[in-house]
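Here the structure is laid out as structure tokens; the discussion comes afterwards.
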There are 2 protein chains.
Amino acid sequence: MTPQNKKIPRMSLERLPIYYRTLCNLADDGYQRIKSAQLGKIIQIEPTTIRRDFSYFGDLGKSGYGYDIGHLIEIFGMILEVNETQGLALIGVGNLGRALLINNFRRNPNLEIITAYDADPAIIGETINDVIIQPLADLQADLSTKQIKGVISTVPSHALQLVVDYLVECGITSILSFAPEPVNVPESVHVRYLDLTTEVQNLLLLAELG
Amino acid sequence: MTPQNKKIPRMSLERLPIYYRTLCNLADDGYQRIKSAQLGKIIQIEPTTIRRDFSYFGDLGKSGYGYDIGHLIEIFGMILEVNETQGLALIGVGNLGRALLINNFRRNPNLEIITAYDADPAIIGETINDVIIQPLADLQADLSTKQIKGVISTVPSHALQLVVDYLVECGITSILSFAPEPVNVPESVHVRYLDLTTEVQNLLLLAELG
DNA sequence: TCATTTTTGTTAATCAAATCACATTTACAG
DNA sequence: CTGTAAATGTGATTTGATTAACAAAAATGA
């Protein structure tokens, strides 16, 4: 199958970062080729699922041989746009926000929080890891000078919808929210939720009943 | 359908914490009844999905009426065991671990990090939010005196498998790992992965191609 | 060079989840 | 008390993802 003929299934896209990271590790360790069965062992995914996933991005393998790791990295890297830094804005610099800012995707050179905002006047102006904390109202102006591909929000539930409305107004289209409350956004805006409490609850629940 | 007749689908269980939290909010706001259509609007889930989910836990609603919020909270609360505190151990007290410990599920009185461990001698003995940072080797002994229902690990990839092996040996059965690398554990042990980098990558990717 | 072995890519089968459609039940207004 | 409207619970269907099975392709070794 040639690429982009069909819509690529969501789950296959979700696995792409895993594939990419693992293949980079293998390349660093000096490996040059891999077969779906080996890779499957490493990342605990059925080989057949891997082969199908890969097939959405072209005819990447060779029968009786496997896949060329360098080639896969090249293709997947292109799709993931690893060569251009993906600038992110952080909104909400509490404990969690601070931790994210200090880490700042250090292990992943193509993701970088480049601006940070908070509502608390007491911390505005503070610099963490070279990023100045600004009032949220500055975001709009920043967008004209900086390439911001997405927003990470640690804003608590009660303030969230208001903030998100503003983000949408500014033209932001990708938001990762650490609050569980669903927000209303237009079709064109993508919101992803990542609530730590819910994750832990689900962990314990599935251990109990799953 | 009477409860527990059939295995409850994973996805229905995963939604339970969302239902519970939302219903508690509604109760706090003084509401006493709700229909699937209203609830669906709030949490952006199809009413029919909600009704089917609920049906796994018994005949909870009444035709032409809806659901009694108090009753739902009671049932779901029982399943989620909200009345007994679920003790957690934190392993890895770096930036992220520290943030988790400071927050310590404050909004959720039934989850609580009660012990914390790290490999760095420099921070062992330090107290954060009433929790003392200990060497990991102490975990085994702690288990005999404290009820620990699960472990949250912010241990980096390279050390993870070793740590997890120890956890399994200690009898831990639920682990939430903030590192992306899959670990090998026996069938009986549940591991949940939550890698922030992967989440952001997926966010941007799905916005682009999804 | 040729036979054997390996491994892919994909069609078909399976499985799980979401949604549709509606019979049944209950509330409630008149 | 009765008829109408509303909402549930669930078989049937659809959708989407995973897995099995295998034909075709390529590598390797004799």
Side-chain angles (χ1 to χ4, degrees), chain A residues 1-16 18-19 23 26 31-72 75-76 182 202 205-206 209-210, chain B residues 1-16 18-19 23 26 31-72 75-76 182 202 205-206 209-210:
Chain A
M1 165 171 306
T2 38
Q4 261 65 354
N5 271 3
K6 272 189 184 158
K7 196 170 160 304
I8 296 165
R10 176 199 182 81
M11 293 314 290
S12 299
L13 284 175
E14 295 249 346
R15 281 185 290 264
L16 204 50
I18 307 174
Y19 293 140
L23 291 164
L26 286 167
Y31 293 96
Q32 309 212 336
R33 51 190 271 196
I34 186 115
K35 26 202 166 185
S36 60
Q38 296 175 293
L39 185 56
K41 269 265 181 57
I42 298 173
I43 56 181
Q44 299 180 15
I45 294 178
E46 287 293 323
T48 208
T49 300
I50 293 175
R51 292 204 299 278
R52 185 172 299 279
D53 284 347
F54 285 11
S55 78
Y56 292 115
F57 302 105
D59 267 8
L60 305 179
K62 278 201 284 194
S63 299
Y65 173 94
Y67 299 87
D68 181 85
I69 292 179
H71 186 225
L72 289 180
I75 301 286
F76 295 168
N202 279 332
L205 195 55
L206 291 177
L209 305 179
Chain B
M1 164 170 306
T2 38
Q4 262 65 353
N5 270 3
K6 273 189 185 159
K7 197 170 160 303
I8 296 165
R10 175 199 182 81
M11 294 315 289
S12 300
L13 284 176
E14 295 250 345
R15 281 186 290 265
L16 205 50
I18 306 175
Y19 293 138
L23 291 164
L26 286 167
Y31 294 96
Q32 309 210 336
R33 51 189 271 196
I34 185 111
K35 27 202 165 185
S36 60
Q38 298 174 292
L39 185 56
K41 270 263 180 58
I42 299 174
I43 54 179
Q44 299 178 15
I45 293 177
E46 287 293 323
T48 203
T49 300
I50 293 175
R51 291 205 298 280
R52 189 170 299 274
D53 283 348
F54 285 10
S55 77
Y56 292 114
F57 302 104
D59 267 7
L60 305 178
K62 277 200 286 195
S63 301
Y65 174 93
Y67 298 87
D68 181 84
I69 292 179
H71 186 226
L72 289 180
I75 301 285
F76 295 167
N202 279 332
L205 195 55
L206 291 177
L209 305 180

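Everything quoted here is computed from the prediction, not taken from an experiment. First the proteins, then the strands, lettered A, B, ... as listed; each starts at 1.
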Euclidean distance, Ile45(B) CD1 relative to Ile18(B) CD1, rounded to 0.5 Å: 5.0 Å
Rounded distance (nearest 0.5 Å) linking atom CD1 of Ile34(A) with atom CG of Asp68(A): 11.5 Å
Per-nucleotide protein contact string for nucleotides 16-25 of chain C (B base, S sugar-phosphate only, - none; heavy atom under 4.0 Å): -SSBBB---B
Sugar-phosphate only, base, or nothing, as touched by Phe54(B) at under 4.0 Å among non-hydrogen atoms: nothing
Distance in angstrom units between Tyr65(B) OH and dT8(D) C1', rounded: 13 Å
Rounded interatomic separation in angstrom, taking CD from Gln38(A) and C1' from dT7(C): 11 Å
Value in whole Å for how far the C1' atom of dA26(D) lies from OH of Tyr67(A): 14 Å
Side-chain N or O of Lys62(A) closer than 4.0 Å to phosphate OP1/OP2 of dA27(D): yes
Within-4.5 Å side-chain heavy-atom neighbours: Leu16(B) and Tyr56(B): no
Heavy atoms from other residues, nucleotides or ligands near CD of Gln44(A) exceed 12 (cutoff 6.0 Å): yes
Interatomic distance, Ile50(A) CD1 vs dT7(C) P [rounded to whole Å]: 14 Å
Length of the NZ-P vector between Lys7(B) and dC15(C), whole Å: 14 Å
Atom-to-atom span, CG of Asp68(B) to C1' of dT8(D) - whole angstrom: 15 Å
Distance (rounded to the nearest 0.5 Å) between Leu206(B) CG and Glu14(A) CD: 5.0 Å
Option among Lys41(B), Arg51(B), Arg52(B), Glu46(B) that satisfies the side-chain hydrogen bond (donor to acceptor under 3.5 Å, both in side chains) test with Ser36(B): Arg51(B)
Between P of dT7(C) and CD1 of Ile69(A), the distance in whole Å: 14 Å
Nucleotide dG9(D), atom C1' - distance to NZ of Lys35(B) in whole Å: 17 Å
